[in-house]
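Numbers here are sequence positions counted from 1. Bear in mind the structure is a predicted one, so any value in this text is a computation, not a measurement. Ligands are counted one by one from 1 in listed order, and the atoms in each one are counted from 1 as well. The figures here come from the full heavy-atom set of this structure, side chains too, leaving out hydrogens, waters and symmetry mates.
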Amino acid sequence: MLTRRKFLQATAYTSLTGFISLKLSSCLPHSAPDKKNLPIVISTWDAGIEANKAAWDVLSHNGRALDAVEKGVMVTEASNSCCVGLNGNPDRDGIVTLDASIMDENFNCGGVADLKRIKHPISVARRVMEKTPHVLLVGEGAQQFAVAEGFTLEPEYLSPKATQNYQKWLKKSEYKPVINVENKGDTPIAVPAKMPDGSWNHDTIGMIAMDITGNLSGSCTTSGMAFKMHGRVGDSPIIGAGLYVDNEVGGCAATGQGEDVIRIGGAAIVVEFMRMGLSPRAACKKAIERIASVKKEKAKDIQVAFVALAKDGTVGAYALQKGFTYAVTTNEGAKFFNAHYHLKS
Ligand code: SD4
């Protein structure tokens with residue numbers, strides 16, 4: 001039986017452990033980064049290496065993390081990519097629609113979804129953040145805003161590669177999400193692989209950077225899931241799902257099946273796990289485990305991955321399936337990794 005004394009002891013213990021874990025959680029991720037390890041940038045997939053170069057150009061000249069994450073992913077948006085920017089794969093009606101979001105060190109954030117015929121959705125997302133009282137603009141309204149802001153309305157277009165992919169898809173017209181696998185190797189350090197035509201074989205790009213002053217920002221941009229339903233929006237433009245930054249704790253970007261990232265509030269939950277004291281990789285792993293437990297046997301049919309950067313300057317990533325790659329650039333140079341993953345078959 002729980003006597004009054006035992007009860008008091010138990011509650012004292014609980015409040016003590018509560019106090020300790022509260023103290024731990026409120027000081028661990030808040031520890032300032034060692035200045036000599038700054039700046040730093042992490043991004044998703046093989047194309048991250050090249051995107052990081054543009055981000056590094058900003059960061060290494062004492063630029064702001066926000067400018068770095070915009071400039072960085074613009075490289076991918078302008079590239080001959082299957083899955084980012086206007087060269088990306090279309091939806092099932094043959095139309096390319098783009099999603100993007102950006103977030104700075106002060107919880108300012110902006111996004112665009114279902115945006116057509118604009119080359120740099122990330123820059124429109126930044127304008128939404130800086131010039132409107134809103135966080136997310138979609139479809140026609142997003143395009144009108146972009147044009148009013150001076151962005152060029154590009155011609156309706158499907159790249160040769162996207163046309164080829166679409167024609168192939170039309171034969172069966174199956175609505176079946178494809179698992180993204182870029183490098184099947186299991187080695188801790190891999191080499192990014194270019195396609196035979198010289199383009200990067202990659203997917204959505206998500207990027208988190210910390211500048212020399214210790215401020216964090218993040219960006220995420222994509223043409224979304226190939227052959228999606230017209231009007232479908234994924235996680236990438238949704239703050240808290242595809243991207244989240246809390247300048248006191250860290251930042252996270254997601255890639256993979258957007259529906260399942262949205263379902264668990266992916267990027268925000270990774271940041272919350274870091275706030276509780278987990279390392280970036282452990283935080284990403286915990287979020288992936290949550291998706292795996294939600295999806296049960298269907299987890300094997302999808303891919304989801306997170307990259308994260310904590311306030312102390314540590315980075316990490318974790319994927320549901322084998323094959324997720326990410327790039328990290330620091331004062332020591334650019335490094336490329338195969339992420340650890342959950343489903344070991
Ligand atoms: C989406 N998360 O639209 C994006 C797609 C992606 O790797 O990241 N694919 O759901």
Side-chain angles (χ1 to χ4, degrees), residues 42-48 51 73 76-77 79 81-92 95-102 111-116 121-122 125 136 138-139 142 162 165 169 175-183 200-208 218-244 252-270 284 287-288 291 295 298-299 301-308 317-327 339 341:
I42 181 169
S43 61
T44 56
W45 300 112
D46 296 20
V73 303
T76 326
E77 285 181 339
S79 72
S81 156
C82 68
C83 313
V84 180
L86 291 174
N87 287 317
N89 284 320
D91 63 21
R92 67 184 192 184
I95 302 163
V96 178
T97 66
L98 306 175
D99 295 344
S101 64
I102 195 160
V112 286
D114 192 20
L115 179 65
K116 300 173 198 73
I122 196 66
L136 183 59
V138 305
N165 293 343
W169 177 81
Y175 187 62
K176 205 170 166 189
V178 178
I179 296 170
N180 311 304
V181 176
E182 296 201 350
N183 188 315
W200 290 102
N201 169 28
H202 70 88
D203 222 284
T204 299
I205 185 149
M207 177 179 278
I208 308 291
S219 61
C220 191
T221 179
T222 188
S223 55
M225 185 184 288
F227 322 123
K228 59 196 173 186
M229 283 176 73
H230 187 60
R232 178 264 188 191
V233 170
D235 58 316
S236 308
I238 298 177
I239 297 297
L243 178 70
Y244 198 68
C252 172
T255 181
Q257 175 111 334
E259 284 73 5
D260 294 306
V261 176
I262 294 171
R263 226 181 285 290
I264 65 149
I269 220 167
V270 169
C284 293
I288 289 292
I291 290 177
K295 296 295 285 184
K298 289 190 179 146
D301 302 329
I302 61 160
Q303 172 65 305
V304 174
F306 297 104
V307 293
Y318 212 79
L320 183 58
Q321 310 254 8
K322 188 173 179 173
F324 173 61
T325 55
Y326 64 101
Y341 55 93

Test Thr221 against Asp99 for side-chain contact (heavy atoms from CB on, under 4.5 Å), laying out the working first. CA-CA 6 Å; Thr221 179; Asp99 295 344; over 6 Å; no
Are the side chain of Thr44 and the backbone N or O of Gly206 linked by a donor-acceptor pair below 3.5 Å? yes
Met207 vs Cys220 side-chain heavy atoms within contact, under 4.5 Å: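 Contact flag for Met207/Cys220 side chains = no.
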Student check: side-chain heavy atoms of Thr255 and Phe324 closer than 4.5 Å: yes
Find all atoms of ligand 1 within a distance of less than 4.0 Å from any non-hydrogen atom belonging to [X], and give their numbers and elements.
{"X": "Gly224", "result": "3 (O)"}
{"X": "Ser236", "result": "2 (N), 4 (C)"}
{"X": "Met225", "result": "3 (O)"}
{"X": "Asp235", "result": "1 (C), 2 (N), 4 (C), 10 (O)"}

Straight-line distance of Arg263 CZ to Ile291 CD1, nearest 0.5 Å: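 So the gap between those two atoms works out to 9.0 Å.
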Region of Cys83 engaging ligand 1 - heavy atom pairs below 4.0 Å: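 None of Cys83 does.
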Considering distance alone, does some N or O of [X] sit under 3.5 Å from an N or O of ligand 1?
{"X": "Gly258", "result": "yes"}
{"X": "Trp45", "result": "no"}
{"X": "Thr204", "result": "yes"}
{"X": "Gly256", "result": "yes"}
{"X": "Thr255", "result": "yes"}

Among Gln257, Arg232, Gln303, which residue places a heavy atom closest to atom 1 (C) of ligand 1? Arg232
Does Asp114 have any salt bridge (Lys or Arg N to Asp or Glu O under 4.0 Å) partners at least two apart in sequence or in another chain, and if so, which?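 Salt bridge (Lys or Arg N to Asp or Glu O under 4.0 Å) list for Asp114, sorted by chain: Lys116.
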Going by the rule side chain to side chain donor-acceptor pair (under 3.5 Å), which residues pair with Ser219 if we only count those two or more places apart in sequence or in a different chain?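 Here no residue qualifies.
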Assess the residue pair Asp46 and Thr325 against the criterion (side-chain hydrogen bond (donor to acceptor under 3.5 Å, both in side chains)); give the C-alpha distance rounded to whole Å, side-chain angles, the decisive distance to 0.1 Å, and a yes or no. CA-CA 6 Å; Asp46 296 20; Thr325 55; 2.6 Å; yes
